[in-house]
Asker: 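Dropping a structure here in structure tokens format, bear with me for questions.
Note on naming: letters A, B, ... go to the chains in the order of the sequence lines (proteins, then strands), and numbering restarts at 1 for each one. In this text, all values refer to a predicted model and were calculated from it rather than measured experimentally. Atoms considered below: every heavy atom in the structure, side chains included; atoms not considered: hydrogens, waters and symmetry mates.
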Amino acid sequence: MARAHDIGGLKGLGPVEIERDEPVFHSEWEQRVFGITMATLGKGLYNVEQFRSGIEEIPIVPYMESSYYERWIVTLETNLIRAGVVSEDEIDARTVELSRHPGTDVGRREEAEFCEMLLSVIQAGVSPERDVEAPRRFESGDRVIAAGTTAAGHTRLPRYVRGKQGVVARLDKAFVYPETNVEGAGENPEWCYCVRFEADEVWGDGAEAGAPVYVDVWESYLEPA
Amino acid sequence: MARAHDIGGLKGLGPVEIERDEPVFHSEWEQRVFGITMATLGKGLYNVEQFRSGIEEIPIVPYMESSYYERWIVTLETNLIRAGVVSEDEIDARTVELSRHPGTDVGRREEAEFCEMLLSVIQAGVSPERDVEAPRRFESGDRVIAAGTTAAGHTRLPRYVRGKQGVVARLDKAFVYPETNVEGAGENPEWCYCVRFEADEVWGDGAEAGAPVYVDVWESYLEPA
Amino acid sequence: MGHDHDPISYPNLRTQAIESLLVEKGILASDAVDRVVSAYEEDIGPLNGARVVARAWSDGRYKTRLLENATGAIAELGISGMQGENMVALENTAEVHNVVVCTLCSCYPWPVLGLPPYWYKSPEYRARVVVEPRAVLAELGLEIDESRELRVWDSSAEIRYMVLPERPAGTDELAEDQLAELVSRDSMIGVAEARTP
Amino acid sequence: MGHDHDPISYPNLRTQAIESLLVEKGILASDAVDRVVSAYEEDIGPLNGARVVARAWSDGRYKTRLLENATGAIAELGISGMQGENMVALENTAEVHNVVVCTLCSCYPWPVLGLPPYWYKSPEYRARVVVEPRAVLAELGLEIDESRELRVWDSSAEIRYMVLPERPAGTDELAEDQLAELVSRDSMIGVAEARTP
């Protein structure tokens, strides 16, 4: 079943509106949500795929109508609850409590060592690149088809290219496989590829001319065409 | 675990804003969502408690930030999918299709007989009142305590009175029991009561003086105080 | 700009998809949708409740029946229906003011008041009016004196409530249909008084 | 009015509840939250990407390295980090214009561009730019001639993209830091050209 996030190719929605001189965050709570997420990801309480998956589980209409960091709150809660560090009842109760005692301080604790570690990770990055022994199955220029199966859960194959033919445009490294990583079922790295799909193949009649889409995929998303 | 809808007693949220000359519906899609819901409820594809439950399952942040009829779309989909008449993949695919062919007619079919039946039901009502053999457990003036257990699923006992003491203020008829009806596990009607809770009992210090809350409950939500 | 049509909101698009599928599958009666919508847009609204209130103001015995068995008394005026099967009327007096909410969803007495307004369904009203009712009513322009009990009724089960507001002063000469004009929707929820003539 | 404090939004309230609980349980490092936020507010932003572009415009061999191994070339300028571990640079030319999106979430090359702007994360951009890229860019004021291929890059896996915009005419005399001032965030996503001096 496709999930809420898989929206590439919808037309008719409103215009894209660029905000002039947009701040990095629009409010203090957005700052905190971002920072809390980075800090709890950094503690290993969940991984990036699990973070994404918690957003994708939001029903599609409220997904579309809520703001970006509102969706982060949802997945933050989902993942903290799944990690067992807090319960939804606790969050509910604390929310009520704070609402009745406005201005209550949220408290503070310091962890200088973790803090330095996290900042150096942010500075250095953490690549999902891994070594794999298996040879590549495809080479540049190969015609491929995006696997047409509908994933049951988290996947990084956009729906709009499923079942469509394209050409391998670039060979990428092997990266940790999202479908298993999200389940905590191992990294199972696979070779990755960038595949070029022609617009008329993807969108059919009415596609804009000369506007191919390049999609990055794991090897098991592809079959030979 | 408390669900998204159980928000009575939160303070600090914004002002209540009354719209002057508010229309019954704010857009055509709100009209259609309302009508489709009434028509599919009328077909017996799901019941009112299941309708409510589908709303309560929305994560709390998007619940609070979405509009009333946006939440109806969620539960309409949830219940149509659970009833087996449509799949989420079908709705997703049709959404994409309609987005690419704006102005497509949604089609039309008539059912004059059902239509008359539904309007007469709306006109006559359908009471959840049922006969029960068991005698009432409580009488007017009895001191009672709202059962403190946290429901696992759908319940009509608001969180803010759980564990609080009140006095039976009115005896009501016996009505179908939500907790089982929502599961399709039978009507299990129970006597109902209206219980008066004093504000300081419910809200503690800082409660507004002379502002009791009357809450309507099923018998099994109550214990003798 | 490459656009032949106005933008469409996602909820609108999604609703069209659902309707289109249900019609195609032979599950949805389009005429039922149309007529249910027009029933609540045109026929079923707060004018019904206003008639009930005006009658109670004009006829003491009717008022007694309304307070004892609201469902029956309302039916005397030919008013009944879904979400009004089990009605209770709450009388405002010099000592008591009543206000109605449904904290868990938005239960509301459809046959007498129609479909609820947006503010009644808002998280702000539902969350706040049980815990800070005087503050909420004051924000809406209705100051309830501390000497008057302010009762908040959370329609959490199957009873649907309507408030019987106090009859305004200076209305002794008015006929029932003139009285009905003074009865606003909000006065029957309890966030306003009836209008003075 | 009975209110001593300004209204608080629900997401704000909920975030405070989460932070408060995590602090109490000894799970959250408040200083880490503060410093991560200030790192992205103050240090990590599109000026980094502008330096990369300006260098590529000024130094042909650097440009070659950037197009062959973007991660390495970017690291030469001391720029690296989370969400930039595997970079690819896309060169705009007279024949090709590139635009970047992440339809599935909002993947974005943080070390060179900072955190993404709201419009990049919006359903409208993510949904539409793959299927009607010329229309979307035109709405944003960038008409791409039909003779020019418009490549849309959906960063659905682990590569993060930055666009190398065309060097504007009339900039032959400018130094690298002056060139950097012409490079907007939007030009490195592909929804704008670099500014002319």
Asker: Does B:Met64 form a side-chain contact (heavy atoms from CB on, under 4.5 Å) with C:Ser122? I'd like the steps, not just the answer.
Answerer: CA-CA 9 Å; B:Met64 295 291 278; C:Ser122 71; over 6 Å; no
Asker: In terms of heavy-atom pairs under 4.5 Å, which option from B:Phe25, B:Trp72, B:Phe197 contacts chain C the most?
Answerer: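 Most heavy-atom pairs under 4.5 Å with chain C: B:Phe25.
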Asker: Is any side-chain heavy atom of C:Tyr161 closer than 4.5 Å to one of B:Asp216?
Answerer: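 B:Asp216 reaches C:Tyr161 side chain to side chain.
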Asker: So what's closer than 4.5 Å to chain B heavy atoms on C:Asp34: side chain, backbone, both or neither?
Answerer: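 The answer is both parts of C:Asp34.
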Asker: Indicate yes or no for a side-chain donor-acceptor contact from C:Tyr118 to the backbone of B:Glu17 under 3.5 Å, with no hydrogens or angles considered.
Answerer: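 Pair absent, no side-chain N/O of C:Tyr118 close to backbone of B:Glu17.
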Asker: Can you tell if the side chain of C:Tyr40 reaches within under 4.5 Å of the side chain of B:Ile122, non-hydrogen atoms only?
Answerer: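 Sidechains of B:Ile122 and C:Tyr40: in contact.
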Asker: Has C:Arg134 got a side-chain atom pairing as donor or acceptor with B:Ala209's backbone, closer than 3.5 angstrom?
Answerer: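 Yes; at least one donor-acceptor contact below 3.5 Å.
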Asker: Quick check: does any side chain N or O of C:Arg14 sit under 3.5 Å from a backbone N or O of B:Val74, one acting as donor and the other as acceptor?
Answerer: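 Such a contact is absent between C:Arg14 side chain and B:Val74 backbone.
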Asker: So what's closer than 4.5 Å to chain B heavy atoms on C:Pro117: side chain, backbone, both or neither?
Answerer: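 Answer is both: backbone and side chain atoms of C:Pro117 are under 4.5 Å from chain B.
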Asker: Answer yes or no: is there a donor N or O on one side and an acceptor on the other, between the side chain of B:Glu111 and the main chain of C:Ala32, under 3.5 Å?
Answerer: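 It does not hold such a pair.
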Asker: With a strict 4.5 Å heavy-atom criterion, list every residue of residues 144-158 of chain C that contacts chain B, or say none.
Answerer: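 When heavy atoms of chain B are the reference, residues 144-158 of chain C contributes C:Glu146, C:Arg148, C:Glu149, C:Leu150, C:Arg151, C:Val152, C:Trp153, C:Asp154, C:Ser155, C:Ser156, C:Ala157, C:Glu158 within the under-4.5 Å range.
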Asker: Counting heavy-atom pairs under 4.5 Å to chain C, which of B:Glu110, B:Arg108, B:Glu77, B:Met117 comes out on top?
Answerer: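 If we count pairs closer than 4.5 Å to chain C, B:Arg108 comes out on top.
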Asker: Side chain, backbone, both or neither: which part of B:Val16 has an atom under 4.5 Å from a heavy atom of chain C?
Answerer: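 For B:Val16, backbone and side chain are both near chain C.
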Asker: Do the charged groups of C:Glu24 and B:Arg94 touch, with an N to O distance under 4.0 Å?
Answerer: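 Between B:Arg94 and C:Glu24 there is a salt bridge, with a charged N closer than 4.0 Å to a carboxylate O.
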Asker: Please determine whether side-chain contact (heavy atoms from CB on, under 4.5 Å) holds for the pair C:Cys107 and B:Arg52, giving the CA-CA distance in whole Å, both sets of side-chain angles, and the decisive distance to 0.1 Å.
Answerer: CA-CA 11 Å; C:Cys107 294; B:Arg52 291 195 179 113; 3.4 Å; yes
Asker: Got C:Ile159 and B:Arg170 here, is their nearest side-chain heavy-atom distance under 4.5 Å?
Answerer: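 The answer is yes; the side chains approach within 4.5 Å.
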Asker: Is chain B contacted by the side chain of C:Ser38, its backbone, both, or neither, given a heavy-atom distance below 4.5 Å?
Answerer: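 Neither; nothing under 4.5 Å.
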Asker: Tell me, side chain or backbone of B:Phe114 under 4.5 Å from chain C's heavy atoms, or both, or neither?
Answerer: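 For B:Phe114, the side chain is the part near chain C, not the backbone.
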Asker: Between chain C and each of B:Gly42, B:Ser66, B:Gly107, count heavy-atom pairs under 4.5 Å; write down the option with the most.
Answerer: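 When all of B:Gly42, B:Ser66, B:Gly107 are compared, B:Gly107 has the most.
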Asker: Are any of the side-chain heavy atoms of B:Glu19 and C:Trp119 separated by less than 4.5 Å?
Answerer: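 Not touching, per the 4.5 Å side-chain cut-off.
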Asker: If I measure from the heavy atoms of chain B, does C:Tyr10 come under 4.5 Å with its side chain, its backbone, both, or neither?
Answerer: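 Just its side chain gets close to chain B.
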Asker: Let me know if C:Val99 has heavy atoms under 4.5 Å from chain B in its side chain, its backbone, both or neither.
Answerer: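 Neither the backbone nor the side chain of C:Val99 comes within 4.5 Å of chain B.
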Asker: Find the distance between CG (C:Leu13) and OG (B:Ser99) and round it off to the nearest 0.5 Å.
Answerer: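 C:Leu13 CG to B:Ser99 OG: 5.5 Å, rounded to 0.5 Å.
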Asker: Under 3.5 Å, side-chain donor or acceptor atoms of residues 74-87 of chain C against the rest of the protein: list the pairs with distances, not counting sequence neighbours.
Answerer:
{"residue": "C:Glu76", "atom": "OE1", "partner": "C:Arg65", "partner atom": "NH2", "Å": "2.8"}
{"residue": "C:Glu76", "atom": "OE2", "partner": "C:Arg65", "partner atom": "NE", "Å": "2.7"}
{"residue": "C:Ser80", "atom": "OG", "partner": "B:Gln123", "partner atom": "O", "Å": "2.8"}
{"residue": "C:Gln83", "atom": "OE1", "partner": "C:Arg160", "partner atom": "NE", "Å": "2.8"}
{"residue": "C:Gln83", "atom": "OE1", "partner": "C:Arg160", "partner atom": "NH2", "Å": "3.2"}
{"residue": "C:Glu85", "atom": "OE1", "partner": "C:Gln83", "partner atom": "N", "Å": "3.0"}
{"residue": "C:Glu85", "atom": "OE2", "partner": "B:Val126", "partner atom": "N", "Å": "2.8"}
{"residue": "C:Glu85", "atom": "OE2", "partner": "C:Gln83", "partner atom": "N", "Å": "3.3"}
{"residue": "C:Asn86", "atom": "OD1", "partner": "B:Lys173", "partner atom": "NZ", "Å": "3.2"}
{"residue": "C:Asn86", "atom": "ND2", "partner": "B:Ser127", "partner atom": "OG", "Å": "3.0"}

Asker: Looking at side-chain heavy atoms only, is the closest gap between C:Pro133 and B:Glu208 below 4.5 Å?
Answerer: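 Answer yes - side chains close enough.
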Asker: With heavy-atom distances below 4.5 Å as the criterion, would you say the side chains of C:Arg128 and B:Lys11 are in contact?
Answerer: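 No, too far: nothing below the 4.5 Å cut-off.
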Asker: Checking heavy atoms, do the side chain of C:Lys121, its backbone, both or neither come under 4.5 Å from chain B?
Answerer: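 Interface part for C:Lys121: both.
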Asker: What part of C:Leu115 lies closer than 4.5 angstrom to a heavy atom of chain B: side chain, backbone, both or neither?
Answerer: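 For C:Leu115, the contact with chain B is made by the side chain alone.
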Asker: So how far is it from C:Thr15 OG1 to B:Tyr69 OH, rounded to the nearest 0.5 Å?
Answerer: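 Spacing of OG1 (C:Thr15) from OH (B:Tyr69) equals 11.5 Å.
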Asker: Counting heavy-atom pairs closer than 4.5 Å to chain C, which one of B:Val96, B:Thr40, B:Leu80, B:Leu45 comes out on top?
Answerer: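 Heavy-atom pairs under 4.5 Å are most numerous for B:Leu80.
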Asker: Do C:Cys105 and B:Arg71 make a side-chain contact, defined as non-hydrogen atoms from C-beta onward lying under 4.5 Å apart?
Answerer: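 The answer is no, as the side chains (C-beta and beyond) never meet within the 4.5 Å cut-off.
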Asker: Output the residues of residues 26-39 of chain B for which the shortest heavy-atom distance to chain C is under 4.5 Å, in residue-number order; output 'none' if no such residue exists.
Answerer: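 Under the 4.5 Å heavy-atom cut-off, B:His26, B:Trp29, B:Gln31, B:Arg32, B:Val33, B:Phe34, B:Gly35, B:Ile36, B:Met38, B:Ala39 qualify.
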Asker: To the nearest 0.5 Å, how far apart are CD1 in B:Ile18 and OH in C:Tyr120?
Answerer: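 It is 12.5 Å, given to the nearest 0.5 Å.
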Asker: Is any side-chain heavy atom of B:Val86 less than 4.5 Å from a side-chain heavy atom of C:Ile18?
Answerer: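 Contact flag for B:Val86/C:Ile18 side chains = no.
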Asker: Taking only residues two or more places apart in sequence or in another chain, which ones pass side chain to side chain contact (heavy atoms under 4.5 Å, CB included) with B:Val106?
Answerer: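 Side chain to side chain contact (heavy atoms under 4.5 Å, CB included) list for B:Val106, sorted by chain: C:Gln16, C:Glu19, C:Ser20.
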